[in-house]
A.B. asks: 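Mind looking over this structure? Questions follow.
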2 protein chains.
Amino acid sequence: MLRLSKKSDYGLMAVNHLARHYGEGSFSARDIAAGYGIPVGLMAKVLQRLVRCGLLRSQHGSNGGYTLARPPEFISALDVIHAIDGPVMITACQTVRGECVQTPMCTVKEPLRKVNERIVNALSALSIAEINA
Amino acid sequence: MLRLSKKSDYGLMAVNHLARHYGEGSFSARDIAAGYGIPVGLMAKVLQRLVRCGLLRSQHGSNGGYTLARPPEFISALDVIHAIDGPVMITACQTVRGECVQTPMCTVKEPLRKVNERIVNALSALSIAEINA
DNA sequence: TCGATATCGGACTGAAGGAGTCTGATATAT
DNA sequence: ATATATCAGACTCCTTCAGTCCGATATCGA
């Protein structure tokens, strides 16, 4: 249905939160989740994925938590979404290389690929810093 | 996951097919489905929705079928997707009026609304005639 | 050293939505 | 009449999403 997953939503909120407090130390999943009414466990999962993709740094132990791996200007909405949901692709039928699995007679593949490209561009042009402003 | 439903895909293919043969009479669900390896029953369902939203005209009985309700230049990809999947909205949390149901502290609502707007624009700027060219 | 507090990883469950089928009704041309 | 269409809705899988839970590991402070 051309919809973002809730996890991506949560991810954007979390990264946004960290951006807003950039340079003020680290925040735990609990810290972040509390402010937005997001289940802690789920928030933790989302944050873990962001760490694995190099967007966040994590610190174990007490007084631990998460911080941005780089300044908010250099993290895009696409980065976050891609880290959580994988590649942004509006059609299920085509692979990363643009091949159509379903049917070679698909006449709308190419136009949709262009639309997809525009969406990706729009998302990658939107930095977290920009969201925060 | 920011993905179009298969029904929308099928709808685009169908409308595209009808556009390619615009002025050559009507085509049944069976006619259209056959060429693309789409299940007939499902194709029929999709076509019905397009009729209900005024994009296609239908003709009962033998030698019946579907035709475009207006020239391909005046049907956009968004028209088709909207007819099948409903309003294009990348976030589940906001209603048509842009209100956030989940939490009033959502900090990413407004930026995502703008991204959504761009997507809608891209889709509504893409006419079926353009796809076909 | 012990314990509290974190992240981390995977498995798991329930609910929701998508894909596709089926049945029956209505309309129309031959 | 009959064959061929659309039409409408209910229905069944099956996948995916949302969220939970448990055990393991790492770190800080007392």
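Note that the structure is predicted; figures quoted are calculated from it, not measured. Atom set for the values below is all heavy atoms of this structure, side chains included, hydrogens, waters and symmetry mates excluded.
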A.B. asks: For B:His60, give me all partners under side-chain contact (heavy atoms from CB on, under 4.5 Å), at least two apart in sequence or on another chain.
C.D. replies: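 Applying side-chain contact (heavy atoms from CB on, under 4.5 Å) to B:His60 gives none.
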
A.B. asks: B:Tyr66 OH to C:dA27 P: how many Å, rounded?
C.D. replies: 15 Å

A.B. asks: How far apart are the closest heavy atoms of B:Val80 and B:Gly11, and which atoms are they?
C.D. replies: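 What the structure gives for the nearest pair is CG1-C, 3.7 Å.
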
A.B. asks: With clusters defined by side-chain heavy atoms of hydrophobic residues (ILVMFWY) lying less than 4.5 Å apart, directly or transitively, does A:Met1 cluster with B:Leu42?
C.D. replies: no

A.B. asks: Rounding to an integer number of Å, can you tell me how far A:Leu42 CG sits from C:dC12 P?
C.D. replies: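 Rounding to the nearest Å, CG of A:Leu42 and P of C:dC12 are 19 Å apart.
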
A.B. asks: N/O contacts under 3.5 Å, protein versus nucleotides 13-15 of chain D?
C.D. replies:
none

A.B. asks: Per the salt bridge (charged side-chain N to carboxylate O under 4.0 Å, His left out) rule, what does the pair list look like for residues 45-71 of chain A, sequence neighbours excluded?
C.D. replies: A:Arg70-A:Asp79

A.B. asks: How long is the span from the CD1 atom in B:Ile81 to the CG atom in B:Leu12, to the nearest 0.5 Å?
C.D. replies: 5.0 Å

A.B. asks: Quick one: OG on B:Ser76 to CG on B:Leu55, what's the gap to the nearest 0.5 Å?
C.D. replies: 8.0 Å

A.B. asks: Round to a whole Å and report the spacing from CD1 of B:Ile32 to P of D:dA5.
C.D. replies: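 Taking atom P of D:dA5 as the reference, CD1 of B:Ile32 is at 12 Å.
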
A.B. asks: Provide the closest heavy-atom pair for A:Tyr22 versus A:Pro72 in the form atom of the first, atom of the second, distance.
C.D. replies: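 For A:Tyr22 and A:Pro72, the tightest heavy-atom pair comes out as CD2-CD, 3.8 Å.
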
A.B. asks: Any carboxylate oxygen within less than 4.0 angstrom of a Lys/Arg side-chain nitrogen, looking at B:Arg113 and B:Glu110?
C.D. replies: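 Yes, charged N to carboxylate O under 4.0 Å.
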
A.B. asks: In whole angstroms, how far is the P atom of D:dT16 from the CG atom of B:Leu2?
C.D. replies: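 So the two atoms are 16 Å apart, to the nearest Å.
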
A.B. asks: Once you measure the plane-to-plane angle for B:His17 and B:Phe27, does it fall in the parallel (<30°), tilted (30-60°) or perpendicular (>60°) bin?
C.D. replies: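 Plane angle over 60°, so perpendicular.
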
A.B. asks: Which sits closer to the 5' end of DNA chain D, B:Ser28 or A:Pro39, going by the nucleotide each is nearest to?
C.D. replies: B:Ser28

A.B. asks: If I take atom CZ in residue B:Arg3 and atom C1' in nucleotide D:dC17, what distance separates them, rounded to the nearest angstrom?
C.D. replies: 14 Å

A.B. asks: Can you tell me if A:Arg118 has over 12 outside heavy atoms packed within less than 6.0 Å of its CZ?
C.D. replies: no

A.B. asks: Answer yes or no: is there a side-chain heavy-atom contact under 4.5 Å between A:Leu18 and A:Thr67?
C.D. replies: no

A.B. asks: Under 4.0 Å: is that the gap between some side-chain N or O of A:Tyr10 and OP1 or OP2 of D:dA18?
C.D. replies: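 For A:Tyr10, the contact criterion (side-chain N or O under 4.0 Å from OP1 or OP2 of D:dA18) is not met.
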
A.B. asks: Check nucleotides 15-18 of chain C for protein N or O atoms closer than 3.5 Å to its own N or O atoms and list the pairs.
C.D. replies:
none

A.B. asks: Identify, residue by residue, the members of residues 43-61 of chain A with a heavy atom below 4.0 Å from DNA chain C, and return them in order of residue number, or none.
C.D. replies: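 Output list: A:Lys45, A:Gln48, A:Val51, A:Arg52, A:Ser58, A:Gln59, A:His60, A:Gly61.
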
A.B. asks: Do any N or O atoms from the side chain of B:Asp31 and from the backbone of B:Ser28 form a donor-acceptor pair under 3.5 angstrom?
C.D. replies: yes

A.B. asks: Would you say A:Leu56 and A:Leu47 make side-chain contact, with heavy atoms under 4.5 Å?
C.D. replies: yes

A.B. asks: Could you summarise the pairing of DNA chain C as dot-bracket text, marking Watson-Crick and G-U pairs under 3.5 Å with ( ) or [ ] inside the strand and | across strands?
C.D. replies: ||||||||||||||||||||||||||||||

